[in-house]
Amino acid sequence: MNGVVSAAVPVCYVRNVEQAQAFYAMFGYTETQSGEENGGLWSYLQSGSQTLLLACVQPPVIQAELPLLIYLYVDDLAAVQERFEAAGHPVELIGHPSHAPGGEARTKDPDGNVVVFAQRTGTPADRARNTDEAARSTLIRQAAEAIGRRGGAPAACQIGLADGSPCEQPAEVKLADAWGETVWGCLSHTDEALLNARSAFIATEDDQGLGPWLRARRGHPDALLGRPGA
């Protein structure tokens, strides 16, 4: 097949490039290129064959409430954990899922974005089996809890079963895609959709979106009420 992807570069929008560089340096990332364009700064980082682009623009990009920014595999989870803790960055061990039997941990970058890192080798699978399910669903549950705090979900899962029959589990996570399709799902069907539906992502539904922010920025009287004023 021609035209296949040869490389993927995650883009991370940050408020301070130097602080972000220092954080990701603990994963082995070093800057290979940098520059300035239209008043914004960018820094291209490399760690082995892996790349990461830091971008700083003004005004800063509004960050969404997401459970995860980036997922990284490392060859020595304990060593990375020690570096972060020595630098004052708290690290939380999540568990030993089947895709990361050597362990999975979570920390936050200087912008508050969640970064999860894991080790593909290590703990035998039979020892990790008890924590596999809980670890696998951790990120989905975090998103569900964040959305639950804001309300807005329908009573039942809208995805349904594979045979077309309805799912009676409560709707906890809203999904969307780049074409504007949205659906509320239970934790199980949300997990299934994220694994199988290309371009699907976790969305939120509340009155703190772009419209209210723009109206507040322009001094509109309905802004703080979340009303759809002009």
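For this chain, numbers begin at 1 and follow the sequence in order.
The nearest pair of heavy atoms linking A176 to T182 is CB-CG2, 3.9 Å. The two residues V14 and A20 come nearest to each other via the heavy atoms CG1-CB, 3.8 Å. The two residues I159 and G185 make their nearest non-hydrogen contact at CD1-CA, 3.9 Å. Closest non-hydrogen pair, A200 versus L194, comes out as O-CD2, 3.8 Å. Contact record, C12 with N113: SG-ND2, 4.3 Å, taken as the closest heavy-atom pair. Scanning all heavy atoms of the two residues, the minimum distance from L77 to A118 falls at CD1-CA, 3.9 Å.
Residue pairs that meet the side chain to side chain donor-acceptor pair (under 3.5 Å) test with at least one member in residues 39-56, sequence neighbours left out, are Q21-S43, E31-S43.
Under the rule for a side chain to side chain contact (heavy atoms under 4.5 Å, CB included), the partners of S188 that lie at least two apart in sequence or sit in another chain are C186. Residues that satisfy the side chain to side chain contact (heavy atoms under 4.5 Å, CB included) test with S6, not counting sequence neighbours, are absent from this structure. Qualifying ring pair (Phe, Tyr, Trp, His ring centres under 6.0 Å) partners for Y73, counting only residues two or more places apart in sequence or in other chains: Y71. For the ring pair (Phe, Tyr, Trp, His ring centres under 6.0 Å) test, residues two or more places apart in sequence or in another chain that qualify with F23 are F84, H89. Residues passing the ring pair (Phe, Tyr, Trp, His ring centres under 6.0 Å) test with Y29, sequence neighbours excluded: none.
Two residues are said to be in side-chain contact when any heavy atoms from C-beta on lie closer than 4.5 Å; L187 and T190 fail this criterion. Using a 4.5 Å heavy-atom cutoff, the side chains of T121 and Q119 are in contact. Taking the side chain as every heavy atom from C-beta outward, I70 and L52 approach each other to under 4.5 Å. Put simply, the side chain of T107 does not reach to within 4.5 Å of the side chain of V114, judged on heavy atoms.
When the side chains of ILVMFWY residues are joined at heavy-atom separations under 4.5 Å, either directly or via intervening members, Y13 and L53 end up in a single hydrophobic cluster. The same ILVMFWY cluster, assembled from side-chain heavy atoms under 4.5 Å apart, contains both V9 and V57. If you chain together hydrophobic residues whose side chains sit under 4.5 Å apart, F27 and L93 fall into the same group.
Side-chain atoms of R83 come within 3.5 Å of backbone N or O of M26 as a donor-acceptor pair. Remark: the backbone N or O of G40 is not paired with any side-chain donor or acceptor of N38 at under 3.5 angstrom. In this structure, N16 contributes its side chain and E18 its backbone to a donor-acceptor pair below 3.5 Å.
A distance of 7.0 Å separates CG in D177 from CZ in F201, rounded to the nearest 0.5 Å.
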### Task
Could you check L175 against W184 for side-chain contact (heavy atoms from CB on, under 4.5 Å), going step by step and ending with a plain yes or no?
CA-CA 6 Å; L175 297 177; W184 283 88; over 6 Å; no
### Query
C56 and R15: side-chain contact (heavy atoms from CB on, under 4.5 Å), yes or no, with the steps?
CA-CA 6 Å; C56 179; R15 290 187 294 267; 5.7 Å; no
### Query
L45 and L54: side-chain contact (heavy atoms from CB on, under 4.5 Å), yes or no, with the steps?
CA-CA 8 Å; L45 308 181; L54 305 179; 3.7 Å; yes
### Task
Apply side-chain contact (heavy atoms from CB on, under 4.5 Å) to V116 and E104, showing your working.
CA-CA 7 Å; V116 175; E104 191 176 57; 3.6 Å; yes
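Checking K174, H189, Q158 one by one against V183, the side-chain contact (heavy atoms from CB on, under 4.5 Å) holds for a single residue, Q158.
In E168, the CD atom is not crowded: 12 or fewer heavy atoms of neighbouring residues, nucleotides or ligands sit closer than 6.0 Å. The number of heavy atoms from other shown groups lying within 6.0 Å of CG (D76) is above 12.
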